Amino acid sequence: MIVGYLAAAFIGLALGMTGGGGAILTVPVLVYLFGLSPGLATSYSLFVVGSTSLAGAAGNFRRRLVDLRTALLFGLPSVFTVFTARKFLLPAIPDVLLHSGDFALTKDVATMILFALLMIAAAFFMLKPEALPAGRPAAPVCGKCRLVVYGVGLGLITGLLGAGGGFLLIPALVILVKLPMKTAVGTSLLIIAVNSLAGFAGDLGHYDTDWLFLLGLTAIAVAGILAGGRLARNIPAVWLKRVFGLLVLITGTYILIREIL
């Protein structure tokens with residue numbers, strides 16, 4: 001459990017310094033270090049990630065590094081998708097997806113396999129050399145339409161797997177909306193916060209929530225993101241992003257092998 005709390009602090013630190021990608025370790029930490037079921041872990045992850053990202057977004061908003069118009073354009077379809085997925089789609093999925101002889105593919109195992117694949121994809125995004133444009137002021141209408149579609153897709157990922165998706169969101173904000181990188185990071189945190197908390201709201205009534213544990217874990221992660229925001233001014237985020245990407249790759253590979261075997 002001590003390792004789990006340290007991991008929560010590190011997740012917040014990574015979010016504060018890079019604006020995305022750190023949250024993807026929350027579910028594995030809750031499942032393998034705290035012993036929660038995958039379903040409950042995705043629910044708790046939404047609250048931790050949402051609250052932590054909100055704290056980070058508040059700091060960026062004070063520094064005028066949040067584009068509210070873009071957050072609204074992206075956030076409305078995304079929030080609707082996340083809430084619908086958690087409230088209606090996820091409970092409708094049967095506990096046993098496939099049964100043949102002695103083999104049974106359960107919803108929990110499928111969740112962790114999909115999450116492992118998402119982690120491996122996220123790791124490649126983090127490890128590849130930066131190739132994003134610096135950002136230009138104008139954005140074409142078609143780019144904003146694509147952003148709405150992108151928001152629905154990302155909302156589905158967040159809703160089903162409890163991941164914030166910052167590693168996908170930041171490139172979209174830079175490439176499609178032409179936001180400068182620092183503004184993309186701040187806007188990403190706000191979108192992740194709203195998405196994740198909406199998803200957690202959709203879970204209310206589905207699980208018995210241990211609020212003492214959840215709030216304690218969230219407080220540690222929030223402290224991490226506040227510290228990360230300060231460290232980001234002095235430490236190159238690229239270094240942390242690549243180290244973190246390697247950790248995510250190793251963890252995702254471990255989960256995939258463990259769940260399949």
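Note that the structure is predicted; figures quoted are calculated from it, not measured.
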Work out which heavy atom in [X] is nearest to a heavy atom in [Y]; give both atom names and the distance.
X: T253; Y: L249; answer: OG1-O, 2.8 Å
X: I255; Y: A116; answer: CG2-CB, 3.8 Å
X: A193; Y: G50; answer: CB-O, 3.4 Å
X: G159; Y: A85; answer: CA-CB, 4.0 Å
X: L105; Y: A110; answer: CD1-N, 4.2 Å
X: G56; Y: I225; answer: CA-CD1, 3.8 Å

Apply the test side-chain contact (heavy atoms from CB on, under 4.5 Å) to residues L114 and L160: give CA-CA distance (whole Å), side-chain angles for both, the deciding distance (0.1 Å), then the verdict. CA-CA 10 Å; L114 288 174; L160 292 178; over 6 Å; no

Within the 6.0 Å centroid threshold, strictly below: Y5 and F34: yes

Is the Y207-Y44 ring centre distance short of 6.0 angstrom? no

First locate atom [atom1] of [X], then atom [atom2] of [Y], and finally report the distance between them rounded to the nearest 0.5 Å.
X: L189; Y: L169; atom1: CG; atom2: CG; value: 9.0 Å
X: M119; Y: L117; atom1: CE; atom2: CG; value: 11.0 Å
X: I11; Y: T26; atom1: CD1; atom2: OG1; value: 4.0 Å
X: L46; Y: I192; atom1: CG; atom2: CD1; value: 11.5 Å
X: L73; Y: D67; atom1: CG; atom2: CG; value: 9.5 Å
X: R258; Y: T251; atom1: CZ; atom2: OG1; value: 12.5 Å

Any salt bridge (charged side-chain N to carboxylate O under 4.0 Å, His left out) involving residues 78-94? Give me the pairs, sequence neighbours left out, ordered by first then second residue. R86-D203

Is there a side-chain contact between [X] and [Y], using heavy atoms and a 4.5 Å cut-off?
X: L40; Y: S37; answer: yes
X: V66; Y: T183; answer: no
X: P38; Y: V27; answer: no
X: I120; Y: F115; answer: no
X: L214; Y: F200; answer: yes

Just by modelled atom types, is the A184 backbone N or O under 3.5 Å from a matching donor or acceptor in the T187 side chain? no

Ring-plane angle category for F88 and F83, please: parallel below 30°, perpendicular beyond 60°, tilted otherwise. perpendicular

Which word best sums up how the rings of W211 and F47 line up, parallel for under 30°, tilted for 30 to 60°, or perpendicular for over 60°? perpendicular

Exercise answer: donor-acceptor pairs, residues 89-104 side-chain atoms, under 3.5 Å, sequence neighbours excluded:
none

Passes side-chain contact (heavy atoms from CB on, under 4.5 Å), L173 versus S188? Steps please. CA-CA 8 Å; L173 294 175; S188 167; 4.1 Å; yes

Can [Y] be reached from [X] by stepping across I, L, V, M, F, W or Y side chains whose heavy atoms are under 4.5 Å apart?
X: L197; Y: V79; answer: no
X: V29; Y: V31; answer: yes
X: L154; Y: V49; answer: yes
X: L36; Y: Y254; answer: yes
X: V3; Y: L247; answer: yes

Counting only heavy atoms not in [X] (residues, nucleotides, ligands), do more than 12 fall under 6.0 Å from its [atom1]?
X: K182; atom1: NZ; value: no
X: L212; atom1: CG; value: no
X: F124; atom1: CZ; value: no
X: Y32; atom1: OH; value: yes

Indicate whether the side chain of S78 and that of N195 have a donor and an acceptor atom separated by less than 3.5 Å. yes

V248/L127 under side-chain contact (heavy atoms from CB on, under 4.5 Å): CA gap, chis, key distance, verdict: CA-CA 10 Å; V248 169; L127 291 171; over 6 Å; no

V152 meets the side-chain contact (heavy atoms from CB on, under 4.5 Å) criterion, sequence neighbours left out, with P77, T81

